[in-house]
Each structure stands twice: as C-alpha cells, then as structure tokens.
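First the proteins, then the strands, lettered A, B, ... as listed; each starts at 1. None of the values given here were measured: they were computed from a predicted structure.
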Protein chains: 2
Amino acid sequence: MNISEPKKPRGRPSAFNYDEALQKALMVFWSRGYEGASMAELTEAMGINRPSIYAAYGNKEELFCKALEKYMVGPTAYVAAAMREPTARQVVEAFLTKSAEFLADENTPRGCMIAIGSLFSGADADQVKQALIAYRRGYETALKERFDLAKSQNDLHKSVNTADLAKYVATVHQGMSVQATGDATKEELLAVVHQALKNWPT
Amino acid sequence: MNISEPKKPRGRPSAFNYDEALQKALMVFWSRGYEGASMAELTEAMGINRPSIYAAYGNKEELFCKALEKYMVGPTAYVAAAMREPTARQVVEAFLTKSAEFLADENTPRGCMIAIGSLFSGADADQVKQALIAYRRGYETALKERFDLAKSQNDLHKSVNTADLAKYVATVHQGMSVQATGDATKEELLAVVHQALKNWPT
DNA sequence: CATATTATTTACCGTACGGTACATAATTAA
DNA sequence: TTAATTATGTACCGTACGGTAAATAATATG
C-alpha cells in the first residue's frame, strides 16, 4: 500500500488537462484584461464547456486568480532571477532589460498582466483589482528588500531611500507596460531602460 | 441684422446644458475607463435620458471622444503650461511634479484618462484605444519637440536623443498613472519624480 | 450485473449591455 | 390657430454577459 500511489478517481475522468486549459485561459486574460475577457472567449480558448470550467476552477474571478498564479511562476520568472544578480544596479538592469524584451515579445500578449490587467474596478471585479494591487506591491517590496540587502553590503549608499527607489523602478516598469500596449518596440523600451539607468545611485 | 446674433432655434429647447452634461460624462469615463463606464451610469450622471445623449453627442464612442477633448483643454492644461518653462529640465520637472499632484488629487478620479483610459480593446472599442494611443504619442511628440528646441538653444547637449528622452518622460508619467490607480499617495509619486529627475542629462 | 460517483453536454436563467422607435411636449414661424 | 420643428420620456429591441439546472455519459467499486 504505497502512500505515494495516486488513488484512481471514482467517477468519469476529465477530458481536459487542468494546467493546459488554465494556460489557455491565462493567454486570454493576458491579452484582453480581466473585464475584456469573456467567458465565451475563455471556453473557446480552453476547449471545454462552461460548466466544466466552473466545476474545475470556480467562477471567473477565481479562474483569473489561478491564471495569475501560473503567470507568476511562468512568464514572470525572470523577475525572481533578476533579484539574484550580485549588485543592486545589476538587479535593476536585469529586471528592466528583461522586462523590455518580455513586454514587447511578439510571441506573447503585449504588456504585463499584473501591471495593467485591471486598473478600473466595476464594483464586482474589485477583488481582482485589489489582488493585482497586492501583487504589484509585492514585487515592489521585493525590490526594496533587495535594495536593503545591497545597503547592508555597502553596495548602495546609506543615504539611499530604498522604498522610493523601488517605487521608481516599479513605476518605470508599469509605464513600459502601458507603452507596450501601444506601438512601442523592444528597441524603444530598451532606450527607456537605458535612460532610467543613467546616474544610478552608488 | 447683426450677423453675430444667434438665431433662435425652431423646435423645443434643450432642457440641459451641453457642456455641463459632457463634463459629467467626462468624470464617469475618467473614473471608470471607457469599457467600464456604462450608458446607465452615464445617463444618471449626466441627468438626461438616453435618446437625448445619442441625439446630442452620437454613440458611446463619440461621447467618449468629445469628453476626451474636454479633458485635453481642461484638466490637462497644466501640460501645455509646463512646456513653456524656460529650460528642458524645468519643463520636465514642472510636467512630472504637476502630474504627481494631478494624478493623486483627491478631488478628481485617480490616474490619467489618456494614459490608462482603455489599454485593451474589445474589438469594438478599437477606435477608442487607437485614439488614446494617438493622444499619448501626441504629448510625447510635444516633449520631443520641446527638447529639440532646447538643443538648438544649447540647453540640452547635442548628443542627447530627444525622442528617447521624451519617451522616457512619457513612460514615467504613464507608470505614475498606474501607481495612482492603486494606493500611491501624492508624496510617493513626488518621490518617484525626484528619483526620475536625478539622472537628467546636461 | 447494479450502484455510486464524477464529468460532460445541452439548454437555459436573469440581468445588463448599447442602441432605438415612437408617441408626446414645447417651442417658432406663418 | 395651425403647421413645422426639435427635444423629451417611455418603453422596448436584439445581443451578450456571467452563471447554473438537469439530463446524460463514463468510470470505479461491490
């Protein structure tokens, strides 16, 4: 009786793969935003009928949040990688440079789902908006804490306000996201990054 | 027979003031975005019935565009004023500082309608999205031309890429708009501006 | 086999959406 | 007063929305 042996489920087996379908939903939310993505679009992209979605993922808000988690550990994994660069300057350079490439990548929807996925709240979708605000604050805090570490290593000067610096970097990233939904090219975004990195505090 | 004498209209007079009602519509679009603002909300805020809106302003897209024009000459007049500052550095400082105050102003909706009014397009609203992209490019171009002028006056060094610099400033502004829809305070936005101005080219 | 369990399918729910037809009210011109 | 003109109010259009009830199909267990 192996404890790691997966019990066979009793009823009719699922005809779709949970993660694959969620990945499809992610792409829809990413390209259309929360409000802009309709259940009709989602069902078609996911290739399963509506009641199956509700049974497997819950309602639209929960589906969005589950897709968001997939987004965090997948497409935006480069952010965590950037944090591990040896110096604060290199962290930011990696973060923003990779962001420029990511946001304007032609193989994925333009812009960052977390930055601009739902800026307004239609009273109902307030939970989604608040979740996104929390995520944004999350990686801003991660930047700040990385800068605090840099300060303790004399990598950043003691006079630097790490919270302000983190908010600045996050703001540039969010602005780049807006630019990416327009017609900004990767090269233009990289030029913005170059400008933002001039005179980095030491 | 004075030519400037306004002819009295023939039929039943309007029961509402065109500009006042449009101003109300503007506030709704500003706070909810294009997609998020429903005709029901608009009619209630404007205080007139739906057929009167369609008769006076056209459909929802046209109403949005008319409200946008009002936004341009009203709330965002500070942008044009900033352009008239004597030096490029002062132009940007005025633009971003005033933006920080504007975006987080508690008496108006948070964020900039042009920057984030409609980032996604639900196929139908593509015209609105494209209009906003054009407006964004408009003030980015205005910045670039102001920087070109500064270059010709030896206010900015010849080596400066004015297009890149303008895009950088626009990006910071758009990022601040996203921040403002979250919980960023005026003071935090001003700290971002301070950070963004540190690396100003000379 | 029968039974319990789970997933899928179809068809539908109530509501809100943007937009409009139509009758009526208010005004000017004749 | 009558006709022409314009705006208003009511009531409605078709459609799309997010979400679900209920019947059916597919599997495991006994």
Side-chain angles (χ1 to χ4, degrees), chain A residues 1 5-22 24-25 28-29 32-67 118 120-129, chain B residues 1 5-22 24-25 28-29 32-67 118 120-129:
Chain A
M1 206 168 78
E5 187 121 7
K7 300 173 191 170
K8 278 200 177 180
R10 286 248 262 148
R12 176 175 177 171
S14 275
F16 65 95
N17 179 281
Y18 184 95
D19 281 305
E20 282 177 15
L22 187 54
K24 298 294 180 67
V28 175
F29 280 126
R32 312 281 268 163
Y34 175 74
E35 284 85 4
S38 73
M39 288 305 298
E41 269 180 300
L42 288 163
T43 54
E44 183 174 357
M46 298 170 81
I48 54 184
N49 289 315
R50 217 175 295 202
S52 296
I53 295 180
Y54 282 85
Y57 309 94
N59 64 14
K60 190 184 176 186
E61 288 198 45
E62 295 174 74
L63 177 61
F64 181 85
C65 290
K66 287 183 170 66
S118 180
F120 302 98
S121 61
D124 51 326
D126 198 64
Q127 179 191 326
V128 165
K129 180 185 175 182
Chain B
M1 206 167 81
E5 187 120 7
K7 300 174 192 171
K8 277 200 176 179
R10 285 248 260 148
R12 177 175 176 169
S14 275
F16 65 95
N17 179 281
Y18 183 95
D19 281 306
E20 282 178 14
L22 187 54
K24 299 295 179 66
V28 174
F29 280 127
R32 311 282 268 165
Y34 175 73
E35 285 85 5
S38 73
M39 288 304 297
E41 268 181 299
L42 288 163
T43 53
E44 182 173 358
M46 298 169 81
I48 54 185
N49 288 315
R50 218 176 293 207
S52 296
I53 295 181
Y54 282 85
Y57 308 94
N59 64 13
K60 190 184 176 185
E61 288 198 44
E62 297 173 74
L63 177 60
F64 181 85
C65 290
K66 287 183 171 67
S118 180
F120 303 98
S121 61
D124 51 327
D126 198 64
Q127 178 192 325
V128 165
K129 181 185 174 182

Given side chains that start at C-beta, do those of Met39(A) and Ile53(A) come closer than 4.5 Å, heavy atoms only?
yes

Rounded to whole Å, how long is the line connecting atom CZ of Arg12(A) with atom C1' of dA26(D)?
5 Å

Residues passing the side-chain hydrogen bond (donor to acceptor under 3.5 Å, both in side chains) test with Glu41(B), sequence neighbours excluded, are Arg32(B)

Please list, for nucleotides 19-21 of chain C, all pairs of protein and nucleotide N/O atoms separated by less than 3.5 Å.
residue, atom, partner, partner atom, Å
dG19(C), OP2, Tyr54(B), OH, 2.9
dG19(C), OP2, Lys60(B), N, 3.1
dG19(C), O5', Tyr54(B), OH, 3.3
dG19(C), N7, Arg50(B), NH1, 3.3

Review item, nucleotides 28-30 of chain D N/O atoms under 3.5 Å of protein N/O:
residue, atom, partner, partner atom, Å
dA28(D), O4', Arg10(A), O, 2.9

Taking atom P of dA7(C) as reference, at what distance in whole Å does atom CE of Met46(A) sit?
14 Å

Ranking dA26(C), dT8(D), dT8(C) by distance to the side chain of Ser14(A), first place goes to dT8(C)

Start at the 5' end of DNA chain C and walk down; is the nucleotide closest to Pro13(B) or to Ala37(B) reached first?
Ala37(B)

Between atom CG in Asn17(A) and atom P in dT8(C), what is the gap in whole Å?
12 Å

Check whether Asn49(A) reaches the backbone of Pro51(A) with its side chain - one donor and one acceptor, N or O, closer than 3.5 Å.
no

Could you tell me how far apart Glu35(B) (CD) and dC17(D) (P) are, to the nearest whole angstrom?
13 Å

Send over the distance from Phe16(B) CZ to dA26(C) P, rounded to a whole Å.
17 Å

With distance as the sole test, does Thr43(B) use its side chain to make a donor-acceptor pair with the main-chain N or O of Ala45(B) at under 3.5 Å?
no

Ignoring hydrogens and geometry, is there a side-chain-to-backbone donor-acceptor pair from Asn59(A) to Glu62(A) under 3.5 Å?
yes

Tell me: CZ of Arg32(A) to C1' of dA16(D), nearest whole Å?
14 Å

Does Lys129(B) make a cation-pi contact with Tyr34(B) (under 6.0 Å, within 45 degrees of the axis)?
no

Taking only the side-chain nitrogens and oxygens of Asn49(A), find out if one of them lies under 4.0 Å from OP1 or OP2 of dT9(C).
yes

Rounded to the nearest Å, what distance is computed from the CD1 atom of residue Ile48(B) to the P atom of nucleotide dT10(D)?
15 Å

Nearest heavy atoms of Val128(B) and Ser118(B), plus distance in Å
CG1-CB, 4.0 Å

Taking all atoms of both residues into account, what is the closest heavy-atom pair of Phe29(B) and Ala37(B), and its distance?
CD2-CB, 3.7 Å

Tell me whether the side-chain N/O atoms of Ser52(B) come closer than 4.0 Å to OP1 or OP2 in dT8(D).
yes

Can you tell me if Tyr57(B) uses its side chain to pair, donor with acceptor, with the backbone of Tyr18(B) under 3.5 Å?
yes

Nearest-Å distance, CD1 (Ile53(A)) to P (dT8(C))?
11 Å

